[in-house]
Structures are given as structure tokens and as C-alpha cells.
Amino acid sequence: VTVLTRTISLPTYTVAVARGALGALAETVRRVAPAHRYAVISDTHVAPHYAARVVAMLGASSQLFTIPAGEAHKTRETWASITDEMLAAGLGRDTTVIALGGGVVGDLAGFVAATFMRGVPYVQVPTSLLAMIDASIGGKTGVDTPAGKNLVGAFHQPSAVVADPDVLQTLPPEHMRGGLAEAIKHGVIADAGYFESVVNVGAALGTTRGAGDAITDLVARGIEIKANVVRQDEREAGVRKTLNFGHTLGHAIELCSDYRVLHGDAVAIGMVLESALAERMALADSGTSASVRSAVERVGLPAAPPRALSLDDIVRATHGDKKARAGRAEYALPQRIGAMAGGDRGWAIPVPDELVRDVVAAVTSR
Ligand SMILES: NC(=O)c1ccc[n+]([C@@H]2O[C@H](COP(=O)([O-])OP(=O)(O)OC[C@H]3O[C@@H](n4cnc5c(N)ncnc54)[C@H](O)[C@@H]3O)[C@@H](O)[C@H]2O)c1
Ligand SMILES: [Zn+2]
């Protein structure tokens with residue numbers, strides 16, 4: 001039994017963050033969401049490392065359902081095959097789902113839980129840095145469709161989140177880096193001290209890969225920041241929009257590259273560009289963009305879009321974002337490191353395309 005180093009409370013559930021927390025998962029599940037049967041949903045990369053342990057811990061009433069790893073499988077088809085398998089295995093209303101994996105598994109298994117038998121409880125066990133500090137918190141679940149990412153889904157809050165930073169030891173470095181991009185984002189949005197520490201921990205990662213108490217602190221504070229935001233605005237009517245910082249241009253770059261640029265890398269580039277945009281619009285203190293750029297570079301993330309992508313395509317793709325309004329895309333923009341601008345405008349600032357094009361061209365010196 002592990003002593004939890006940090007618990008973070010949301011209105012209907014608790015997030016436990018501790019090295020070794022996975023060892024106490026069965027206890028947590030039986031406390032917050034006891035059920036007749038347990039469906040452990042994982043993917044082909046995560047399951048070989050951790051699923052046997054989780055299934056053994058939960059006992060004979062649990063069963064593993066594995067999806068192929070990767071964003072390409074966060075689909076209605078995968079949702080259909082998992083729910084079919086659950087039905088075939090005789091699972092009913094008295095089932096709890098355990099989402100064991102990164103954000104793809106979390107979103108998909110959460111959507112299975114939101115819909116199976118009109119909704120059953122689930123527990124998030126995030127195994128990527130991104131899933132720990134971002135995707136597992138806040139109750140957004142869903143799948144992608146050919147028309148875009150996350151277009152079909154539901155709000156469904158987990159019964160608990162159990163984050164064990166020790167599992168990050170097996171996370172591939174490029175995904176660790178992707179999580180650091182979101183951690184930097186949390187710092188810009190809410191906490192300049194956190195921003196500094198993420199950069200320091202991130203820059204040292206090459207030598208101290210994976211776990212460690214520094215990573216645990218990084219995860220715990222990252223979760224607190226996200227929890228503070230979603231606690232105030234569960235349905236993204238206001239302040240939750242600040243979490244889109246770096247994502248309007250980030251999503252556009254992902255889209256234009258046919259997803260060859262990884263999400264975290266695209267967000268890092270998006271944050272550099274969007275903070276420059278905020279400076280140009282006199283919303284951000286001067287130097288904000290330089291700080292973001294140096295943070296991104298120090299942890300090994302890219303700071304500019306690949307040359308192969310055309311500026312016009314990038315700007316056009318900002319409207320392919322479901323957060324966009326026709327003509328001008330909406331941006332979450334910083335005021336300085338640690339605080340966002342636009343609180344008087346619902347935290348979403350419409351920016352004309354020409355200005356975006358100008359700034360992107362200037363920053364990337366094209
Ligand atoms: N619901 C939300 O609020 C929210 C917020 C942000 C992102 N998301 C979603 O999260 C997804 C991205 O999440 P992600 O970056 O975790 O992607 P992911 O789930 O694809 O994980 C990245 C890769 O790492 C592997 N992996 C994960 N944990 C591992 C571990 N401990 N050891 C070894 N391999 C491991 C996965 O199998 C995968 O190959 C996107 O679909 C995005 O839309 C959701
Ligand atoms: Zn993101």
C-alpha cells in the first residue's frame with residue numbers, strides 16, 4: 001500500500017499522484033467504483049508493460065480489452081469493436097471501466113464508459129505525461145472522425161484518476177517531450193514558477209530519464225493547474241478556453257503536415273507563434289515570446305513550422321479548427337508568462353488572418 005504524496009480534489013473525484021500509485025489501484029477502484037465486472041482498456045504499447053499487473057490486482061472479475069496504439073485508432077470503429085467485445089463477454093450495467101494508457105486510450109475508454117449501458121463509471125490511469133497533466137483531467141471523452149479530431153464525444157467525469165509517474169520510464173522520449181509542451185503551456189497560462197521548473201526538469205531529462213521526484217512534482221502541479229481551470233469551467237464556456245493556448249496554430253500545423261508533426265511539437269511551435277501574435281497586438285508584455293521560444297528550445301521541442309508547409313495553408317487551416325469562427329480564428333493569448341489575456345472577452349480573441357500571416361512570416365523569417 002502506497003502513501004499518496006499528493007491528492008487533488010475536483011467536485012466529484014480525486015486525483016492521486018504518487019510514485020508507485022499503481023500498486024494501490026485495485027483498492028482505489030473498489031473504493032470509488034466497486035462493480036461486478038471490471039473492463040481494463042489499454043493499447044498494444046502500454047498493455048505489455050502494465051496490463052497483466054492491473055488485471056491480476058483486480059482479480060477474476062476483470063478482463064483486458066486491447067486497442068491498437070495510435071491516434072489513427074481513436075475512432076467510432078474502435079469504439080464499436082470494444083463495446084461489442086464487452087457485450088460478448090457478458091459485461092452489463094454493473095461494470096467499471098479502467099482506462100490504462102495515454103490520451104488516446106483515455107478519450108476512447110472514457111467514451112466507452114460514457115455510452116456503454118447508457119453510462120458506467122470509469123477510472124483514469126494515465127500512462128503518458130500528456131495524459132497525466134492534461135487528457136485525464138476534466139471529463140472530456142470522445143473519438144475522431146474523418147471530418148476532424150474529437151468531433152464525437154461526451155462529457156463524462158471519471159470516478160478517480162490514479163497517476164503513477166514511475167510508468168513514464170517506459171514512455172518513448174518523443175512522447176515525453178510532447179507532454180513537456182503541455183506542461184510549458186500550463187506554466188504560461190497560470191504559473192511562472194512552474195514554467196521555470198518545467199524547463200529545468202525538461203532540459204535535464206536526457207540524463208535523468210523517466211521517473212524521479214522532480215517529475216512527480218511536475219506532474220502533480222501540472223494536474224493542479226488543469227484541475228483549477230476545469231473546476232471553474234467544466235463545459236468550456238469561458239476560462240477553460242485558455243487551455244487552447246498554442247493550439248489554434250498548433251492544430252493547423254498538425255493538419256497541414258498530415259499529422260507528421262506530432263501534437264506536442266505542433267503545440268510548441270504554436271505557443272511560440274501565438275505569443276508573438278499577442279505581443280504584436282500589445283496584449284502581451286514584450287519578451288513573452290522570447291521566453292516561450294527559449295523554453296521550448298531548451299527542452300528539445302521545435303520552435304518554428306517545417307519549411308515545407310506553406311504560410312497560406314497554415315493560416316487557412318486555422319479555420320479547419322472547430323474552435324474557429326468564419327473569417328477570423330479565435331486564439332487564447334498570453335499577457336505574460338503565468339497569466340492569460342482576454343478575460344474581458346471570454347478568453348477567446350478573434351484575430352484577422354492577415355495579422356496572423358504577418359506574424360508567422362516574421363517569426364519564421366520568411
Ligand atoms: N480529453 C482531453 O481533455 C484531452 C486533452 C488533451 C489531449 N487529449 C487527447 O490525448 C491524445 C494524445 O495523448 P497522448 O499523447 O498520451 O497519446 P497516446 O495515447 O497515443 O500515447 C502516446 C504513445 O505512447 C504510448 N504510451 C503511452 N504511455 C506509455 C508508457 N507508459 N510506456 C510506453 N508507451 C506508452 C502509447 O501507446 C502511444 O503509442 C489525443 O488524442 C488528444 O486528443 C485529450
Ligand atoms: Zn494539446
Side-chain angles (χ1 to χ4, degrees), residues 22 41-51 53-54 66-75 78 99-111 114 122 124-145 148-158 161 163-186 189 209-211 215 219 222-223 226-227 229-230 234-236 240 243-251 253-254 259 262-271 321-323 332:
L22 197 58
I41 302 180
S42 191
D43 74 20
T44 47
H45 293 161
V46 176
H49 293 291
Y50 308 107
R53 197 174 149 205
V54 168
T66 306
I67 66 171
E71 184 74 31
H73 299 283
K74 200 179 97 177
T75 58
T78 307
L100 175 68
V104 166
V105 165
D107 281 11
L108 184 110
F111 189 50
Y122 74 119
Q124 287 276 19
V125 188
T127 62
S128 69
L129 179 57
L130 182 145
M132 288 184 192
I133 66 167
D134 195 349
S136 67
I137 314 296
K140 280 189 186 178
T141 76
V143 293
D144 304 333
T145 80
K149 283 183 65 172
N150 301 322
L151 294 181
V152 172
F155 282 97
H156 186 50
Q157 302 296 337
V161 181
D164 182 347
D166 280 352
V167 305
L168 298 174
Q169 282 168 32
T170 56
L171 184 70
E174 69 274 21
H175 291 294
M176 196 68 193
R177 209 173 64 209
L180 288 171
E182 306 286 359
I184 289 172
K185 182 191 80 176
H186 285 9
I189 290 170
R209 191 171 158 234
I215 300 271
V219 169
I223 290 171
K226 170 111 191 215
V229 172
V230 301
E234 197 173 280
R235 298 269 162 167
E236 199 170 325
R240 190 166 182 169
L243 295 168
N244 293 328
F245 171 53
H247 281 64
T248 304
L249 279 162
H251 281 154
I253 290 164
E254 271 185 285
Y259 295 92
L262 293 174
H263 179 73
D265 290 2
V267 168
I269 300 162
M271 290 191 295
D321 189 316
K322 70 182 191 284
K323 286 153 200 118

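The structure presented is a predicted model; accordingly, all values stated were derived computationally and were not measured. Indexing begins at 1, ligand by ligand and atom by atom, following the structure's order.
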Atom indices of ligand 1, in the order listed, that fall short of 4.0 Å to a heavy atom of Gly102: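 Counting from 1, the qualifying ligand atoms are 16 (O), 19 (O).
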
Within the 4.0 Å heavy-atom shell around Val46, which atoms of ligand 1 are there? 26 (N), 27 (C), 28 (N), 29 (C), 35 (C), 37 (O)

Considering non-hydrogen atoms of the protein only, which is the closest contact for [atom], and what is the distance?
atom	answer
atom 39 (O) of ligand 1	His45 ND1, 2.8 Å
atom 41 (O) of ligand 1	Glu71 OE1, 2.6 Å
atom 16 (O) of ligand 1	Ser128 OG, 2.5 Å
atom 36 (C) of ligand 1	Asp43 OD2, 3.6 Å
atom 9 (C) of ligand 1	Asp107 OD2, 3.4 Å
atom 10 (O) of ligand 1	Gly103 CA, 3.3 Å
atom 42 (C) of ligand 1	Lys74 NZ, 3.9 Å
atom 33 (C) of ligand 1	Thr170 O, 3.0 Å

Over 60° means perpendicular and under 30° means parallel, so tell me whether His156 and Tyr122 are parallel, tilted or perpendicular. parallel

Say whether Thr170 and Tyr50, considering side chains only, have a donor N or O and an acceptor N or O under 3.5 Å apart. yes

Quick test of your reading of the structure: of Val104, Ile137, Leu100, Ile67, whose heavy atom lies closest to atom 18 (P) of ligand 1? Val104

Options Leu129, Asp134, Leu171, ranked by nearest heavy atom to atom 29 (C) of ligand 1, top entry: Leu171

Would you say [X]'s side chain and [Y]'s backbone share a donor-acceptor pair under 3.5 angstrom?
X	Y	value
Asp43	Val46	yes
Thr141	Gly153	no
Asp144	Asn150	yes
Arg240	Glu234	yes
Thr66	Thr44	no
His186	Ile133	yes

[X] contact mode with ligand 1 (heavy-atom cut-off under 4.0 Å):
X	answer
Ala135	both
Leu130	side chain
Asn150	side chain
His175	side chain

Closer than 4.0 angstrom: is that true for some heavy atom of Pro172 and an atom of ligand 1?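 Per 4.0 Å heavy-atom rule, Pro172 contacts ligand 1.
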
So, does Lys226 sit close enough to ligand 1 that a heavy atom of it is under 4.0 Å from the ligand? yes

Answer yes or no: does an N/O atom from Leu168 fall short of 3.5 Å to an N/O atom of ligand 1? no

For N/O/S atoms only: which one belongs to Glu182 and is nearest the Zn ion (ligand 2)? OE2

Would Asp134 count as a contact for the Zn ion (ligand 2), in the sense that one of its N, O or S atoms lies under 2.8 Å from it? no

